[in-house]
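Taking it in order: structure first as structure tokens, then the write-up.
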Amino acid sequence: MSRRGSLLGTFFPPLAVTLIVTLVLVTGFSGRALRQFFLDRTGTELENLALVSASLFDSPVGDRDDRAVQELCRAIGKTTGTRLTVILDDGTVIGDSAEDPALMDNHAARPEIVAARQGRIGRSTRYSPTLDQRRMYVAVARDAAGTRYVVRTSVSLAALAAIMSDVYRKIALAGLVLTLLAGLTSYLLSRKLSRSLQQLQSGAEAFARGDLDDRLQTADTTEIACVADAMNRMASQLTDRFDTIVKQRNESEAVLSSMVEGVMAVDDREQVIGLNRAGGQLLGQDPAAVVNRSVQEVGRNSGLTRLVRDALAGHGPLEADIRLGVDQERWLQVHATGLIGADGHPIGALLVMNDVTRLRHLENMRRDFVANVSHELKTPITSIKGFVETLLEDPPDDRDEQERFLRIINKQADRLDAIITDLLALSRLEQTTGDGGLESHCQPVQPVLERVLRDLANLRPDSAARVTLNCPADLTAAINAPLIEQAVNNLLDNALKYSPDDSPVSVRCCAAGDEVAVSVTDLGPGIPAEHLPRLFERFYRVDKARSRQMGGTGLGLAICKHIAQAHRGRIAVTSDVGRGSTFTMYLPRQECA
Ligand code: ADP
């Protein structure tokens with residue numbers, strides 16, 4: 001990992017190095033230029049002085065008046081502050097403003113003297129052994145009445161060195177101040193920049209955490225302000241997109257969770273991506289806990305797994321009925337189809353599940369019912385057809401025998417009539433219950449029950465003598481009187497039919513909470529417990545032979561159940577084998593206005 005430094009640490013050292021290098025270079029170049037300028041100017045001044053003052057020496061040199069030469073040298077040297085030396089052509093010094101010429105050695109070999117003697121203006125910058133310092137010399141040659149001599153001016157360069165070192169010192173000082181200023185400026189600037197960047201960073205971190213409501217402050221720098229603006233725009237757009245995504249997700253979740261069909265989405269590795277509430281109920285799973293679990297684990301059904309695999313293999317929309325549950329059988333009708341991603345590639349499968357247990361149950365009931373009706377009708381029809389064929393093809397000679405045949409045919413026809421009447425009654429009741437439009441009136445129950453007993457007494461006085469009625473006169477309910485009469489009549493008929501001829505039967509009516517209980521009790525043989533749950537099914541009989549012999553259709557109790565249900569009530573049975581049975585209809589109680 002690369003090491004990262006602070007903004008100041010990154011920018012300041014190269015800046016300081018650049019400044020120092022620049023300063024050194026500028027100082028070097030300007031110092032040299034200054035020095036050169038100074039030397040050029042000094043040289044020119046020395047040259048001018050040499051040229052001007054040279055002519056003054058023509059007369060004393062021509063006269064060889066060395067004393068006059070010496071005095072003139074001193075006078076000019078004193079006035080101009082410049083050392084003046086007069087040298088003869090052979091190098092003998094005859095005058096010097098600073099030293100005694102007699103003590104000075106021969107100057108013929110001095111470079112400036114050599115150049116002057118050759119007719120040029122001699123210049124030399126060198127160390128002076130006489131004065132023990134660096135000096136600049138300018139020499140010009142003259143001819144005074146045949147005597148050649150050289151006038152040399154010179155000045156010490158010690159002042160120049162002092163000036164230059166002063167200049168260098170000042171430049172260095174200025175450089176130092178400049179470097180410090182640059183350091184301070186870059187520190188302040190980088191600190192400001194760092195703060196702005198830190199603000200951007202904390203803003204970006206807040207955005208990354210999903211905190212998209214805050215906005216970044218606009219910074220002073222245009223570039224950072226642009227970045228802040230861009231990030232703020234990004235946050236607004238993200239907020240909009242998140243809102244849209246959340247809204248869409250909520251909508252689709254609401255749609256999925258309010259669907260009555262179970263919906264399960266599976267990815268291409270057969271792992272569950274999602275399951276709606278109805279799906280969770282159908283499969284007995286918590287929808288939140290099944291995500292990322294395998295479909296085998298969630299469905300626990302080989303048929304379901306196979307269907308998912310077929311759908312993933314791209315075998316078009318599929319449909320299958322799948323049986324679930326061990327104790328309680330449940331049937332699911334499942335439609336499976338492949339899920340296609342935005343790029344057109346398969347990404348999984350979608351299952352839509354419907355609970356068809358009730359439908360299956362109804363279908364089974366319908367099938368059983370058709371089989372039962374056919375069977376019930378077939379017996380009398382076969383019997384009728386047999387006797388009619390016998391009468392047609394081979395009529396018995398005996399008139400009594402013929403009459404017996406006709407009575408059997410009549411009995412079977414009555415049986416057919418009874419079955420069809422009961423079936424029609426059931427059908428009408430079902431229709432009434434389905435429409436929810438049972439015509440009922442609030443009325444006392446007692447008169448209805450009395451009518452049943454009265455009808456019975458008219459038809460079968462012996463049977464009616466066995467029946468007692470016990471019903472309070474003030475008990476009222478919203479009932480359809482003819483239907484209740486029919487139901488009580490069926491129950492009473494069964495009680496009389498299945499109990500011994502001399503045993504009593506009681507019809508009772510009482511209030512039971514917010515219900516009216518109408519019961520018929522006999523002291524007959526009773527019904528074994530295992531038959532009780534199915535007793536109210538159509539054509540269900542405890543003892544088939546006995547029921548047929550008694551002229552029963554096997555539909556009486558089913559009709560009673562439907563009549564009770566049409567009144568939003570119910571029917572129940574309690575029975576002790578050998579002691580008798582009690583059938584009770586519970587109807588909603590109602591006080592009549
Ligand atoms: P059925 O026409 O055969 O009487 P129901 O639907 O009225 O048909 O009754 C169904 C069966 O219930 C009867 O076949 C009979 O076995 C039994 N059952 C009904 N009522 C009684 C009762 N009071 N005592 C004993 N068995 C009864």
Side-chain angles (χ1 to χ4, degrees), residues 365 368-369 371-380 411-430 449 452-453 456 459-460 462-464 466-469 483-509 517-566 570-586:
M365 272 172 59
D368 290 351
F369 179 68
N372 284 338
V373 170
S374 312
H375 180 73
E376 292 294 333
L377 296 178
K378 188 129 183 85
T379 316
K411 193 179 168 200
Q412 294 302 335
D414 284 348
R415 187 166 158 68
L416 270 181
D417 182 54
I419 292 174
I420 289 167
T421 306
D422 279 358
L423 281 174
L424 284 173
L426 261 179
S427 164
R428 267 198 304 275
L429 275 171
E430 271 178 345
L449 302 181
V452 176
L453 288 189
L456 182 68
L459 284 170
R460 293 189 279 158
D462 292 351
S463 299
R466 293 163 54 194
V467 183
T468 55
L469 173 65
L483 286 182
I484 296 296
E485 276 174 43
Q486 185 182 356
V488 176
N489 193 43
N490 281 358
L491 295 177
L492 196 56
D493 189 45
N494 280 349
L496 293 167
K497 206 162 59 177
Y498 295 109
S499 60
D501 284 345
D502 52 353
S503 78
V505 170
S506 70
V507 178
R508 273 194 220 102
C509 158
V518 180
S519 60
V520 178
T521 305
D522 65 70
L523 301 178
I527 305 162
E530 69 266 23
H531 295 287
L532 296 182
R534 301 193 59 195
L535 204 63
F536 297 96
E537 286 178 19
R538 294 158 204 209
F539 299 116
Y540 190 84
R541 298 175 176 101
V542 177
D543 182 346
K544 275 196 172 59
R546 176 129 198 254
S547 163
R548 290 219 177 95
Q549 186 200 327
M550 300 282 203
T553 59
L555 293 169
L557 288 180
I559 291 172
C560 292
K561 185 179 89 173
H562 275 84
I563 290 174
Q565 285 176 345
R570 62 202 164 91
I571 189 164
V573 57
T574 52
S575 185
D576 271 343
V577 177
R579 294 192 171 191
S581 315
T582 298
F583 288 84
T584 310
M585 269 203 303
Y586 294 93

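Ligands are counted one by one from 1 in listed order, and the atoms in each one are counted from 1 as well.
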**Prompt:** Distance only, no hydrogens: is a donor on one side chain within 3.5 Å (strictly under) of an acceptor on the other, for S519 and T584?
**Reply:** no

**Asked** Picking from L416, T553, I419, what satisfies side chain to side chain contact (heavy atoms under 4.5 Å, CB included) with E376?
**Response** I419

**Asked** Is a side-chain N or O of T421 found less than 3.5 angstrom from the main chain of D417, in a donor-acceptor match?
**Response** yes

Quick one: table the atom pairs, ligand 1 N or O against protein N or O, below 3.5 Å, distance rounded to 0.1 Å.
from     : atom 1 : to   : atom 2 : distance (Å)
ligand 1 : 2 (O)  : T553 : N      : 2.9
ligand 1 : 2 (O)  : G554 : N      : 2.9
ligand 1 : 3 (O)  : Y498 : OH     : 3.3
ligand 1 : 3 (O)  : S547 : OG     : 2.5
ligand 1 : 4 (O)  : N494 : OD1    : 3.2
ligand 1 : 4 (O)  : K497 : NZ     : 3.2
ligand 1 : 4 (O)  : Y498 : OH     : 2.8
ligand 1 : 6 (O)  : G556 : N      : 3.3
ligand 1 : 6 (O)  : L557 : N      : 2.8
ligand 1 : 7 (O)  : N494 : OD1    : 3.3
ligand 1 : 7 (O)  : N494 : ND2    : 2.7
ligand 1 : 8 (O)  : G554 : N      : 3.4
ligand 1 : 14 (O) : Y498 : OH     : 3.3
ligand 1 : 16 (O) : V542 : N      : 3.1
ligand 1 : 20 (N) : N494 : ND2    : 3.4
ligand 1 : 23 (N) : D522 : OD2    : 2.9

Pairs of donor and acceptor atoms involving the side chains of residues 527-538, under 3.5 Å and at least two apart or interchain, shall be tabulated with distances.
from : atom 1 : to   : atom 2 : distance (Å)
H531 : ND1    : Y540 : OH     : 2.7
R534 : NE     : E537 : OE1    : 3.1
R534 : NE     : E537 : OE2    : 3.2
R534 : NH2    : E537 : OE1    : 2.8
R538 : NH2    : E430 : OE2    : 2.1

**Message:** With a 3.5 Å distance limit and no angle check, can you tell me whether R579 reaches the backbone of G526 through a side-chain donor-acceptor pair?
**Reply:** no

**Message:** Could you check whether any side-chain N or O of D543 sits under 3.5 Å from a backbone N or O of R546, counting only pairs where one atom can act as donor and the other as acceptor?
**Reply:** yes

